[in-house]
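Below is one structure, written out as structure tokens; the observations come after it.
The analysis underlying the following values was restricted to heavy atoms, covering all of them including side chains, and did not include hydrogens, waters or symmetry mates. Order of the sequence lines fixes the chain letters, A, B, ..., with proteins taken first and strands second; residue numbering starts at 1 for each chain. Keep in mind that what you see is a predicted model, and the values were worked out from it rather than measured.
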2 protein chains.
Amino acid sequence: MAVSPPRPKGPPLNALRAFEAAARLGGFSRAAEELGVTPGAITQHIKTLEDWVGAPLFERRSQGVRLTLEGARLRPAFTTAFDKMGAAVHALKELSRTPRVHIAALPSVAQLWLSSRLPRLRAEHPQCQFSVTALEQPPNLLREVFDWSVFFERPESDSKGIVLEHDEIFPVCAPHLAPSIKTAHDLTPHTLLVDDTWSEDWDIWAKEAGWARPTGVKTARFSLYALALEEARNGAGILIGHASLIRPDLEAGRLVAPLPMQAATGLALMLRTTPQFQAMADSFVTFE
Amino acid sequence: MAVSPPRPKGPPLNALRAFEAAARLGGFSRAAEELGVTPGAITQHIKTLEDWVGAPLFERRSQGVRLTLEGARLRPAFTTAFDKMGAAVHALKELSRTPRVHIAALPSVAQLWLSSRLPRLRAEHPQCQFSVTALEQPPNLLREVFDWSVFFERPESDSKGIVLEHDEIFPVCAPHLAPSIKTAHDLTPHTLLVDDTWSEDWDIWAKEAGWARPTGVKTARFSLYALALEEARNGAGILIGHASLIRPDLEAGRLVAPLPMQAATGLALMLRTTPQFQAMADSFVTFE
DNA sequence: TTCTTAGGGTGAGTTTTTCTCAACCAATTT
DNA sequence: AAATTGGTTGAGAAAAACTCACCCTAAGAA
């Protein structure tokens, strides 16, 4: 018969993925981040889907979006579907000839923590090819193509991540600045080095140390922790140090901690992996 | 930190869908048909995926493709993932305000069988909006956006489809031609009307009737069964009639069956639905 | 109040992806 | 040898997806 076949198509898969991410993460911006696109792209995907369905999936409110009742009802089905898809994609990736391990980490963690440990990992698994991607937010290992992730995260009981070290912060500086700093108040005349993504660190520590930070204190902001760290080594000011990241500098005497007070951020440096790589991660951690 | 976020993307979802369809249906052309695209598009999707994976998923052979071992191992995971996705999409469709029933049928079935029954269906379900799409091949109801399908299919035991009527075929013609046809051999001087998609019908019937169709018999081919039927009504030749489709013409006397021999094609007119519409279909069938 | 911030929405324009089309093969089958 | 089946190819076209720059709203801060 060979009639023209205008097979009606289902909704675009990418729009479904955007919906699932936005619904799960509770916001378009977060979905955008997970999917590596701009929020505008998510807006458009959701609109496409709502038009296709003929019903709103999200309620737009000024401070964000809320799932409608129907949207909420639908979410679990899509979440499990995409979880299955993610698992299948991971299996697909396994086919590749040389085994590959793709690690996602915070830029600072990648540079200051991971880089010194990667050689050992390579030595232990010479047949593996390791690659590292710096990310602002921890990836969803079920969905994305990463095998390991190393991030500062709240060590919730729900997850099977490995706590590498609880996050402790305290001021550090170049050795020659240390003698002038006996109490928290001695920090005031110095420049405080601040990392953009960890801008609350000083507040956390100040509260713990009982230091009412005066408003006039000079600060210098950096977009990468490693940059701030470099400045601290050069004596440009006081950095709030994360114990796990600056240990080599303390041990080598490049930095010193002039004040004894440490504060816990409530986060921990956590290693997570997909199930396939659990064993490799476990053996890695036992050496730590 | 705001580092440029080149989040590595997974394989394109559409390529995965093409892979799943091709693997399940055992061929690129069939996958192309199910997805409503050309075979070339499937070729390209599969290539994209094979490049992404770095390993072949299909073995190319002259008469088609075969899944590689790895491809075969991967298929079930993708099939279940897309089944779940399909179910979720069906649920999504339910949100639409007015309930809609989308029926897929063979063009001939849509025109000759369904059209006379649709008014009753609309009357029974006045709140529903019915739409019909003509398709050459039965759709996969788990994946595509159809709710009902009516096709001639082999009534396998595996499926939950409803057998509406077993397919019986026999020659029919305009009343004025009938008197000249007493035995199968009297068909020889006439033009045989043939539908392109059912070109074997005459062979099936001839074999059953013990008629060795001479090679010189004139035939006229039509791309739609309804066209061939119209010609038969006009006395242009002999059509091989499908009982379920030409019954109204026989009852109205527009066509007659000059010969008593009927042949079974082994197919049946089958109604399938998604689970949500099972009840509606059952009640429809009890009226038949 | 007026500012500021957080989160979205928009539409134009661009980039990427996907698709079609029209050959072209290579192994069967007739 | 010719037709058939099923896949492949590359160019060009169409559709989808994305970015960018800017707008909007509500809520909290000053």
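- Extent of DNA chain C lying under 4.0 Å from chain A heavy atoms, first and last nucleotide in 5' to 3' order, is dG7(C) to dT10(C).
- Annotation: of the two residues near DNA chain D, Pro39(A) and Gln63(A), the 5′-most nearest-nucleotide partner is Pro39(A).
- Residue Thr38(A) has no polar side-chain atom (N or O) positioned under 4.0 Å from OP1 or OP2 of dC18(D).
- Electrostatic pairing of Asp195(A) and Arg221(A) does not count as a salt bridge here, judged by no charged N lying under 4.0 Å from a carboxylate O.
- A 6.0 Å sphere centred on NZ of Lys93(B) holds more than 12 heavy atoms belonging to other residues, nucleotides or ligands.
- Counting non-hydrogen atoms under 4.0 angstrom, Ser29(B) reaches the backbone sugars and phosphates but no base.
- Heavy-atom nearest nucleotides on DNA chain D were determined for Thr48(A) and for Ser62(B), and the one closer to the 5' end corresponds to Ser62(B).
- At a cut-off of 3.5 Å, with distance as the only test, a side-chain donor of Glu20(B) or Thr79(B) sits close to an acceptor on the other residue.
- A straight line from CG of Asn14(A) to P of dT19(D) spans 12 Å, rounded to a whole angstrom.
- At whole-Å resolution of the value, CG in Leu13(B) and C1' in dA17(D) are 13 Å apart.
- Atom P of nucleotide dG7(D) and atom CD of Glu50(B) are separated by 13 Å, given to the nearest angstrom.
- For Gln44(A) against dT19(D), a side-chain-to-base donor-acceptor contact under 3.5 Å is present.
- Separating the CZ atom of Arg17(A) from the P atom of dA16(D) is a distance of 16 Å, rounded to the nearest angstrom.
- Contact between the side-chain N/O atoms of Arg60(B) and the OP1/OP2 oxygens of dT8(D) is found at a separation under 4.0 Å.
- When the nearest nucleotides of DNA chain C are assigned to Val37(B) and Val65(A) by heavy-atom distance, the more 5′-ward of the two goes with Val65(A).
- Inter-residue side-chain proximity for Phe146(A) and Thr133(A) is flagged as met; some heavy-atom pair is nearer than 4.5 Å.
- Using a distance-only test at 3.5 Å, with no hydrogens or angles considered, a donor-acceptor pair links the side chain of His90(B) to the main chain of Glu144(B).
- Rounding to the nearest 0.5 angstrom, the gap separating the CD atom in Glu50(A) from the CZ atom in Phe58(A) is 7.5 Å.
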